[in-house]
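See structure below.
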Amino acid sequence: MERFNERGMLIIPNPVRERTAADKILVVCSLFCPDGHNLISSRAVFNGYPGILVKASKGSKQGLIALSPVYGSTARISLDIDLVVGEIMDLHCPVCDILLPVHSPCSCGADLVAFFPTKKSDFTDCIAICNRVGCINSHILINDEVISLSMVDAF
Ligand SMILES: [Zn+2]
Ligand SMILES: [Zn+2]
């Protein structure tokens with residue numbers, strides 16, 4: 001069975017059988033900053049999968065946030081920063097501190113920040129996550145095709 005696609009994502013059967021909207025879940029296995037640093041870290045593990053580690057800053061406070069790599073899951077852990085729902089955070093690479101680029105505006109008025117599944121930093125093939133704490137707007141763009149939350153409805 002082909003478990004990895006060429007973009008470093010892991011496709012596994014959805015164990016939640018009764019939710020027939022999706023029979024698979026998508027797990028992000030590699031994600032890079034524009035400089036090619038891997039943002040996947042085993043410092044925070046979600047459902048057995050290493051999380052996405054980013055540095056968040058707002059004014060004088062900053063810290064690390066781990067996001068669930070399972071598509072559709074809004075689980076996140078803040079490691080040393082207090083997150084206030086509704087606040088807009090700047091998201092940086094934890095290695096080189098580069099500000100992660102904006103993909104497009106989110107419908108909530110904040111920005112969808114781009115994360116790249118390959119080191120090519122290709123905006124047509126990226127994962128966009130809203131930088132407003134508590135906004136569930138995140139989606140995965142694969143070949144410009146948006147997979148909606150309802151199509152990949154995990155957990
Ligand atoms: Zn970096
Ligand atoms: Zn948003």
Which atoms form the tightest heavy-atom contact between Cys130 and Ala110, and what is the distance? SG-CB, 3.9 Å
With rounding to the nearest 0.5 Å, note down the distance linking NE2 in His103 to OG1 in Thr124. 8.5 Å
So, for Ser30 and Pro117, which heavy atoms are closest and what is the spacing to 0.1 Å? OG-O, 3.1 Å
Please work out whether the ring planes of Phe123 and Phe116 are parallel, tilted or perpendicular, with thresholds of 30° and 60°. perpendicular
Just so I know, are the side chains of Pro94 and Leu39 near enough to count as touching, which here means a heavy-atom distance under 4.5 Å? yes
In terms of hydrophobic clustering (I, L, V, M, F, W, Y; side-chain heavy atoms under 4.5 Å; direct or indirect links), are Phe46 and Val54 co-clustered? no
Heavy-atom pair of closest approach, residues Pro69 and Gly51: CD-CA, 3.9 Å
Taking Asp97 first and then Lys55, would you say they form a salt bridge - that is, a charged N and a carboxylate O separated by under 4.0 Å? yes
Side chain Asn38, main chain Ile40, donor-acceptor under 3.5 Å: yes
If I take atom NE2 from residue His37 and atom SG from residue Cys93, how far apart are they, to the nearest 0.5 angstrom? 5.5 Å
Is there a path of hydrophobic side-chain contacts, each under 4.5 Å between heavy atoms of I/L/V/M/F/W/Y residues, joining Ile77 to Leu83? no
To the nearest 0.5 Å, atom CG of Leu112 lies from atom CG of Leu100 at 13.0 Å
Can you give me the closest heavy-atom contact between Phe32 and Gly36, atom names plus distance? CD2-O, 3.4 Å
With heavy-atom distances below 4.5 Å as the criterion, would you say the side chains of Cys33 and Val95 are in contact? no
Applying the 4.5 Å side-chain criterion to the ILVMFWY set and letting contacts propagate, would Ile88 and Phe115 be lumped into a single cluster? no
Where the side chain of Asp80 meets the backbone of Leu64, is there a donor-acceptor pair that is under 3.5 Å apart? yes
Give, for atom CG of Leu67 and atom CG of Leu31, the distance between the pair rounded to the nearest 0.5 Å. 9.0 Å
Do any N or O atoms from the side chain of Asn131 and from the backbone of Asp90 form a donor-acceptor pair under 3.5 angstrom? no
For the atom pair CG (Leu53) and CG (Leu79), what is the distance rounded to the nearest 0.5 Å? 6.0 Å
Donor-acceptor check, side chain of Ser78 to backbone of Ile65, threshold 3.5 angstrom: yes or no? no
I need the Ser68 OG to Tyr49 OH distance, nearest 0.5 Å. 10.0 Å
Under 3.5 Å: donor-acceptor pair, side chain of Asp111, backbone of Val113: no
What I'd like to find out is whether the side chain of Val84 reaches to under 4.5 Å of the side chain of Lys61, using heavy atoms alone. yes
Would the distance check show the side chain of Arg132 and the main-chain N or O of Gly86 forming a donor-acceptor pair, the cut-off being under 3.5 Å? yes
